[in-house]
Amino acid sequence: MADERSPKPEAPDRIPPGQRFVQGWPVSHYGPVPRFRPERWNLRVFGATASGDTHEWAFDDLADLPRTTVVADLHCASGPTSTGHEWYGIPATTVLELVPPAPGVTHVMAWAEYGYSANLRLADFTSPHTLMATHHNGEPLTAEHGFPLRLVVPHLFGYKGPKWLRGIEYMTADRRGFWEERGYHNLADPWKTQRYSYQEEPGAGPQQSGQ
């Protein structure tokens, strides 16, 4: 007999429109898995910082930053949704507290290995559920899933949360990231089926020059 205390993953309030439930945690990324070199690794915060300076953390410095746990589902824009992921890592708000943005910052660009990028509204980055994950379900992230650091933005499609995170750029105007430049929606809310750029309403994307 099924345990009625456990949520049914197929329930309409758990799976966004057009998504399908999948078991496990499928590996999905563009390009090869990068080799981790701890002596060369750092996390940079740059762009429109309040001080005008760039801040860097070495890999060992991450141990001194606060941690939190978030349990959330993961939605891929290609259709799969997997549920009940337990993420452990550094709250994204910690970045803004330690390296404040300049007045007028409205967006961030999350940068990863090989130049991969994903743009986010500042409100999405500062969500209490957004974090830079180091662990998944109690274990360190594997290389295939983003070790040593993966941005997790559970309320948006997965392409807004880059694996192998290396930088946060503060921006005073929006611009598209890697997949957003290649036809994916600039906002990426799975509950609004915001998959592709042709679905964007006015104001959902960066202001075009000359407008």
Side-chain angles (χ1 to χ4, degrees), residues 9 14 16 22-38 40-45 55-78 80-99 107-170 177-179 188-190:
R14 192 73 180 267
V22 296
Q23 297 281 359
W25 189 17
V27 174
S28 177
H29 57 260
Y30 179 86
V33 176
R35 179 182 175 187
F36 175 59
R37 297 177 174 88
R40 300 183 184 180
W41 190 95
N42 62 10
L43 177 69
R44 300 173 63 238
V45 182
H55 186 91
E56 295 184 1
W57 287 282
F59 177 68
D60 290 342
D61 296 334
L62 297 183
D64 297 327
L65 299 180
R67 303 297 174 110
T68 190
T69 298
V70 171
V71 178
D73 301 338
L74 182 61
H75 311 293
C76 180
S78 63
T81 284
S82 52
T83 58
H85 296 273
E86 182 182 282
W87 305 100
Y88 175 76
I90 304 158
T93 52
T94 298
V95 173
L96 284 86
E97 292 168 359
L98 297 178
V99 189
H107 293 76
V108 303
M109 187 73 78
W111 290 95
E113 298 283 0
Y114 305 132
Y116 180 91
S117 59
N119 59 316
L120 294 163
R121 294 173 294 188
L122 189 61
D124 292 318
F125 186 70
T126 58
S127 164
H129 297 110
T130 300
L131 78 164
M132 298 177 292
T134 59
H135 290 67
H136 175 265
N137 287 354
E139 298 290 339
L141 290 171
T142 63
E144 292 78 8
H145 283 299
F147 179 84
L149 205 61
R150 173 181 181 147
L151 185 64
V152 176
V153 190
H155 62 285
L156 301 181
F157 276 123
Y159 63 87
K160 290 291 188 179
K163 302 176 183 179
W164 313 300
L165 185 69
R166 292 297 304 273
I168 299 296
E169 178 187 0
Y170 293 155
F178 180 89
W179 286 115
D189 186 336

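We're numbering straight along the sequence, starting at 1. Every heavy atom of this structure was used, including side-chain atoms; hydrogens, water molecules and symmetry mates were not.
- Although no hydrogens or angles enter the test, the distance criterion places no donor-acceptor pair under 3.5 Å between the side chain of T81 and the main chain of H75.
- Using a 4.5 Å heavy-atom cutoff, the side chains of W57 and D64 are not in contact.
- Side chain of Y116 to main chain of W164: no donor-acceptor pair is present (N/O by atom type, distance under 3.5 Å, no hydrogens or angles).
- At distances below 3.5 Å, not a single donor-acceptor pair connects side-chain atoms of R44 with backbone N or O atoms of I168.
- Between V45 and E56, the closest side-chain pair of non-hydrogen atoms is not below 4.5 Å.
- Looking at Y170 and L96, their side chains come closer than 4.5 Å, going by heavy atoms from C-beta outward.
- Under a 3.5 Å cut-off, the side chain of D189 and the backbone N or O of L156 do not form any donor-acceptor pair.
- Atom-to-atom distance recorded for E113:CD and W41:CH2 is 9.0 Å, nearest 0.5 angstrom.
- Under the salt bridge (charged side-chain N to carboxylate O under 4.0 Å, His left out) criterion, the residue pairs touching residues 118-128 are R121-D124, with sequence neighbours excluded.
- Residues M132 and V95 have side chains in contact (heavy-atom distance under 4.5 Å, counting atoms from C-beta outward).
- Listed by chain and number, the residues in a side chain to side chain contact (heavy atoms under 4.5 Å, CB included) with Y88 are R67, T69, T134, H135 (sequence neighbours excluded).
- Judged as a ring pair (Phe, Tyr, Trp, His ring centres under 6.0 Å), and not counting sequence neighbours, H107 has no contacts.
- Taking 4.5 Å as the limit, some side-chain heavy atom of H145 sits within range of a side-chain heavy atom of R150.
- The two residues F59 and P38 come nearest to each other via the heavy atoms CB-O, 4.2 Å.
- Residues T130 and L120 are not in side-chain contact: their nearest non-hydrogen atoms beyond the backbone lie 4.5 Å or more apart.
- Of the possible polar contacts, none joining the K163 side chain to the F147 backbone as a donor-acceptor pair under 3.5 Å is found.
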